[in-house]
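In each ligand, atom 1 is the first atom listed, and ligand 1 is the first ligand listed. When reading the values below, keep in mind they use all heavy atoms of this one structure, side chains included, and skip hydrogens, waters and symmetry mates.
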Amino acid sequence: MQDKRDRRTIVIVGGVAGGASAATRARRCNEDAHIIMYEKDKHVSFANCGLPYYVGDEIRERSKLLVATPELFEKRFNIEVHTEHEVVSVHRDAKVVSVKRLSTGETFDQPYDRLILAPGATPIRPPMEGVDRPNVFTLRNLVDADRIRSFVRERKPERVAVVGAGFIGLEMVEQLKRIGVQTSLIELTPQVLPPLDAEMAHIIEAELIAEGIELHLGDGVAGFEQDCGLVTGVALSSGAVIEADMVILGIGVRPATQLAAEAGLELGQMGGITVNAHMQTSDPWIYAVGDAVEYQYGPTETPARIALAGPANRAGRIAGQHAAIDEADEMAPVYGTSIVRVFGKAAAVTGLSMKLARRFGRDARSVFVVGRHHAGYFPGGRELILKLIYDPKTEKVLGAQAVGPEGADKRIDIVATLMRFGGTVRDLAGLDLAYAPPYGSAKDVLHMAAFAACNDLDDVTPAAPIDASLDGKQVIDVRTKQELIGGSIPGAKHIPVDELRDRLGELDAAKPTVTVCRSGQRGHIAARILRGHGFADVEDLTGGMLMRHHAFPENGKA
Ligand code: FAD
């Protein structure tokens, strides 16, 4: 990188994740640039990802959320910060923005040489009577968090309805339970955590139910019941009414594109601002980053809106440097890698789910592995469930999901790294990962998933999908007798794996066969025994009865 020192003026709109990263990187690259950041709210550079934990008192000190203050920006970085200043228009021909000082209402013009838009997104509020009542909240910034905290502490709501079972909704549910508030969770789609496949999300649903959260899935908000100026309940499309003294909406965000659109900048098909790999918009003097833009989505190589802090920070850094010295590395593709803690479990995801793959018309297959987050013989190993999704032709890994109390983060980050470099299931099988009993296994859950995928692709043991129809197939349940108590597949023949070689005569070698165990591992061993004895068409039910139960929860405990 060439050090550049010129007095160019860089104006930044929005002072949190993307904007603050852009501002400080710009300064580190160009000591003489005149850098000005406008933020319409009261705070800059606060930790929005920490807000739910502040509401629930897991983060106790409010000051911890203020990552950097305007004073620090001024002193350490020589960046002018103006809070409660809204940029109201961009005049591209004159290279000027109009700024409204919100305390006085007065408007002034600020010229720029480079402009960086980091305005984020706004929470969606359904246009319904009652949505503006003082006990209906969204959570986007510190002011929102303060309002929710005060309401909870002063009005002591007994029942809260959280609408939307995405990341923020789930974090709020967890934190409200933590401070003793009874919570209902309402979600329009039939599952929590829409980025996950349904059977993985079902594990989280079971966790929520075990914690006493009332779940209303596949049911939308039809309206709000009101009394004395407050919402008293949420009416659902099914006709049910959920009583609530407080409502928190977490139903998604809309990219803040108004400034860009009014300035004539190009918007993409997904509704975000179009940018190139240096985060330049259709006007090369104007950059855009964060929740307002469309990133290149790794698995499909098409533009997508991905409202996450990591991409916003990385994009901010690239835009800040390019605006400061006209050169920077390119923004890498984004995979939507994300994680949430829901009481005792974490759910993490990267890349394509099976349902997204179907939606994009991608040929994809998947395997499940149920393992331990570290060596099974070492005390404290916790169950970790991993789903690996791959392209059967190119063998490339397309995505992964992990759910469990420990270790989901590590596995998903490894898969995200592998995908970034175009890795295949064979590359994953060969990864050299750190191992000692307290930390992992010599054959990690990830290796096991990759081995299962290779076995599937190489016709060693093809994986039968957990939701496969087993009609007309010879299903052999190879679990122990005690394990059958929880239920089994109707019509399945029970032969424990250790008796299989002695009881082959009870089976029809010419019939398409599916082996089943608790999680898929003994089923694989059984499938290999059968193939070794002339059974031509044998599959193993991937994920076994455990995941079959999560795929068909309505059939009761498997
Ligand atoms: P923001 O960080 O929202 O900043 C935009 C700023 O621009 C705002 O402060 C806004 O007031 C200001 N602004 C807008 N228009 C103007 C204007 N015209 N003039 C002046 N200022 C303006 N992501 C994760 O990856 N992990 C998490 O755990 C996670 N948790 C989250 C929890 C919560 C409660 C929330 C709300 C978000 C969470 N996110 C998480 C998402 C993440 O915070 C966002 O993706 C990220 O902050 C986006 O950065 P941004 O710079 O685009 O927008």
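Inspection of the Q258 and E262 side chains reveals an N or O donor paired with an N or O acceptor under 3.5 Å. A donor-acceptor pair shorter than 3.5 Å can be found between the side chains of S98 and H91. Side chains of R25 and Q321: a donor-acceptor N/O pair is present below 3.5 angstrom, by distance only. No side-chain donor-acceptor contact under 3.5 Å links T189 and Q191.
Of the N or O atoms in D291, one or more lie within a sub-3.5 Å distance of an N or O in ligand 1. Between A17 and ligand 1, at least one pair of N/O atoms sits closer than 3.5 Å. At least one N/O-N/O distance between L308 and ligand 1 falls below 3.5 Å. For ligand 1, the polar-atom distance check against V87 finds a nitrogen or oxygen pair separated by under 3.5 Å. Residue A309 places at least one N or O, backbone or side chain, under 3.5 Å from an N or O of ligand 1. Considering backbone and side-chain atoms together, G18 places an N or O closer than 3.5 Å to an N or O of ligand 1.
Between E58 and R341 there is a salt bridge, with a side-chain nitrogen of the basic residue lying less than 4.0 Å from a carboxylate oxygen of the acidic one. At a threshold of 4.0 Å, the pair R411-D444 counts as salt-bridged, since one of the basic side-chain nitrogens sits closer than that to a carboxylate oxygen. Using a 4.0 Å cut-off between charged nitrogen and carboxylate oxygen, R101 and E106 count as a salt-bridge pair.
Residue H85 places a heavy atom less than 4.0 Å from ligand 1. Using a 4.0 Å cutoff on heavy atoms, A307 counts as a contact of ligand 1. Ligand 1 lies less than 4.0 angstrom from a heavy atom belonging to A118.
For H374 and Y439, the ring centers sit 6.0 Å or farther from each other.
Here the closest heavy-atom approach between residue P194 and residue A165 is recorded as CD-O, 3.9 Å.
Annotation: atom 8 (C) of ligand 1 to nearest protein heavy atom, E39 OE1, 3.5 Å. Summary of contacts: the protein heavy atom closest to atom 31 (C) of ligand 1 is C49 CA, 3.5 Å. Looking only at heavy atoms of the protein, atom 47 (O) of ligand 1 is closest to N48 ND2, 3.1 Å. The single protein non-hydrogen atom nearest to atom 1 (P) of ligand 1 is R140 NH2, 3.7 Å, given as residue, atom name and distance.
Which parts of ligand 1 touch D41 is read off a 4.0 Å heavy-atom cut-off, strictly below it: atoms 11 (O).
The side chain of A312, and not its backbone, has at least one atom closer than 4.0 Å to an atom of ligand 1 (non-hydrogen atoms only; side chain from C-beta on).
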